[in-house]
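Residue numbers begin at 1 in each chain, while the letters A, B, ... track the order of the sequences.
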Amino acid sequence: NAGVTQTPKFQVLKTGQSMTLQCAQDMNHNSMYWYRQDPGMGLRLIYYSASEGTTDKGEVPNGYNVSRLNKREFSLRLESAAPSQTSVYFCASSLRDLGQYFGPGTRLTVT
Amino acid sequence: GNSVTQMEGPVTLSEEAFLTINCTYTATGYPSLFWYVQYPGEGLQLLLKATKADDKGSNKGFEATYRKETTSFHLEKGSVQVSDSAVYFCTLQGGSEKLVFGKGMKLTVNP
């Protein structure tokens, strides 16, 4: 039982490059989330998925797209990376009111 | 809307000192309340939770009681250790599974 896993752990991109952050959970949770964490800004929700086949925008969706591939996997795509997207990205999953479980994070730098 | 206000720190304590981190919330209905902890370089971990008024959540020597009359969920530990150095987030879950985070408080415990 690995919980929530994320790949890659670290990534450096040049402005304009694209990439996909992968997230998977093995807890049979219905809901999954993508957050970014920046110094002094706390955690901000980018997108979430309440169930397989559905996705909704969070607080800061611009510049990102997501795919809920199946119940286990929820990916985040940056089509054209910008320096403002330099951040630590966390994926999480949840079931009802039991709280969310977080992955270890991806540290992304855009130069 | 729902919101969480918590002490932001940073706070530095000596080992074996008493810890209190204040947290108050604003919410409609009956939210669930959580404390998350983030150790350096890691993702967020669920520390404890309370799902209804007067519930006490506890874990690893930490405690917090859901006080509906004062809309508070203060975190306490009687004797902190160096290993408790981390960032602590007070968190609320309202009608959906989405979370509302406080800004986080960085705690450093010196030997």
Is there a path of hydrophobic side-chain contacts, each under 4.5 Å between heavy atoms of I, L, V, M, F, W or Y residues, that connects [X] with [Y]?
X	Y	answer
B:Phe89	B:Ile21	no
B:Leu48	B:Leu92	yes
B:Val4	B:Leu75	yes
B:Phe34	A:Val4	yes
A:Val88	A:Val66	no

Output the donor-acceptor atom pairs between chain B and chain A under 3.5 Å, with atom names and distances to 0.1 Å.
| residue | atom | partner | partner atom | Å |
| --- | --- | --- | --- | --- |
| B:Tyr36 | OH | A:Gln100 | N | 2.7 |
| B:Tyr36 | OH | A:Gln100 | O | 2.8 |
| B:Gln38 | OE1 | A:Gln37 | NE2 | 2.9 |
| B:Gln38 | NE2 | A:Gln37 | OE1 | 3.0 |
| B:Gln93 | NE2 | A:Arg96 | O | 3.1 |
| B:Glu97 | O | A:Tyr33 | OH | 3.1 |
| B:Glu97 | O | A:Gln100 | NE2 | 3.1 |
| B:Glu97 | OE1 | A:Ser31 | OG | 3.1 |
| B:Glu97 | OE1 | A:Ser94 | OG | 2.6 |
| B:Glu97 | OE1 | A:Arg96 | N | 3.3 |
| B:Glu97 | OE2 | A:Arg96 | N | 3.1 |

Q: Measure distances from A:Leu95 to the heavy atoms of chain B and classify the residue's part below 4.5 Å as side chain, backbone, both or neither.
A: backbone
Q) Which answer fits B:Leu99, side chain, backbone, both or neither, if we ask what part of it has an atom under 4.5 Å from a heavy atom of chain A? A) both
Q) Looking at A:Gly58, A:Gly99, A:Ala50, A:Gly105, which one has more heavy-atom pairs under 4.5 Å with chain B than the rest? A) A:Gly99
